[in-house]
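We count residues from 1, following the sequence as given.
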Amino acid sequence: MGEEYKPHFDFFPPYMVNASKGGQRVGTFLIYLNDVDDGGETVFSKAGLSFVPKKGAAIYFHYANEQGQLDRLSS
């Protein structure tokens with residue numbers, strides 16, 4: 001309760017990618033297990049999008065295009 005996540009990327013910074021340990025993350029899938037009274041949104045500030053958690057809803061987003069270039073709009 002009262003916790004906060006600061007804006008961040010879910011992918012690894014390119015200098016931290018280690019192919020022998022699995023390589024770059026490719027996407028995130030969030031499932032909302034509960035409704036919340038206040039807050040809890042998943043916000044993509046650079047893309048101007050916000051998703052309000054609703055029990056039973058889900059969101060998926062990936063981080064790169066077909067050339068493997070990271071998408072900075074995914075933060």
Side-chain angles (χ1 to χ4, degrees):
M1 191 132 212
E3 295 180 22
E4 176 184 358
Y5 284 95
K6 302 289 183 193
H8 65 278
F9 293 110
D10 280 359
F11 57 78
F12 296 123
Y15 67 88
M16 291 182 61
V17 175
N18 184 334
S20 69
K21 293 184 178 181
Q24 184 59 270
R25 291 177 172 173
V26 296
T28 294
F29 184 71
L30 298 172
I31 301 171
Y32 299 107
L33 301 176
N34 300 298
D35 288 320
V36 297
D37 295 328
D38 187 35
E41 292 90 1
T42 298
V43 178
F44 299 90
S45 57
K46 293 179 182 178
L49 298 171
S50 178
F51 296 89
V52 176
K54 182 169 174 62
K55 184 178 181 177
I59 179 174
Y60 170 78
F61 51 98
H62 58 271
Y63 316 124
N65 62 21
E66 293 175 357
Q67 291 77 37
Q69 298 165 319
L70 296 174
D71 185 351
R72 299 273 178 203
L73 293 179
S74 66
S75 73

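- Here the side chains of V52 and Y32 are not in contact, with every heavy-atom distance at 4.5 Å or above.
- Put simply, V26 and V17 are part of two different groups of oily side chains (I, L, V, M, F, W, Y) that touch within less than 4.5 Å, one to the next.
- Hydrophobic cluster membership is shared by I31 and Y60, with clusters built from Ile, Leu, Val, Met, Phe, Trp and Tyr side chains linked at under 4.5 angstrom.
- Cation-pi contact between R25 and Y63: absent, since separation from the ring centre below 6.0 Å together with deviation from the ring axis within 45° is not met.
- The side-chain heavy atoms of P14 and L70, taken from C-beta on, include a pair separated by under 4.5 Å.
- One hydrophobic cluster holds both L30 and F51 under the rule that ILVMFWY side chains link at heavy-atom gaps under 4.5 Å.
- Atom CZ in F12 sits 9.5 Å away from atom CG in N18 (nearest 0.5 Å).
- Between atom CG of residue L33 and atom NZ of residue K55 there is a gap of 8.5 Å, rounded to the nearest 0.5 Å.
- The distance from the CZ atom of F44 to the CZ atom of F61 is 4.0 Å, given to the nearest 0.5 Å.
- Listed for the D71 side chain is no donor-acceptor partner under 3.5 Å among the backbone atoms of A64.
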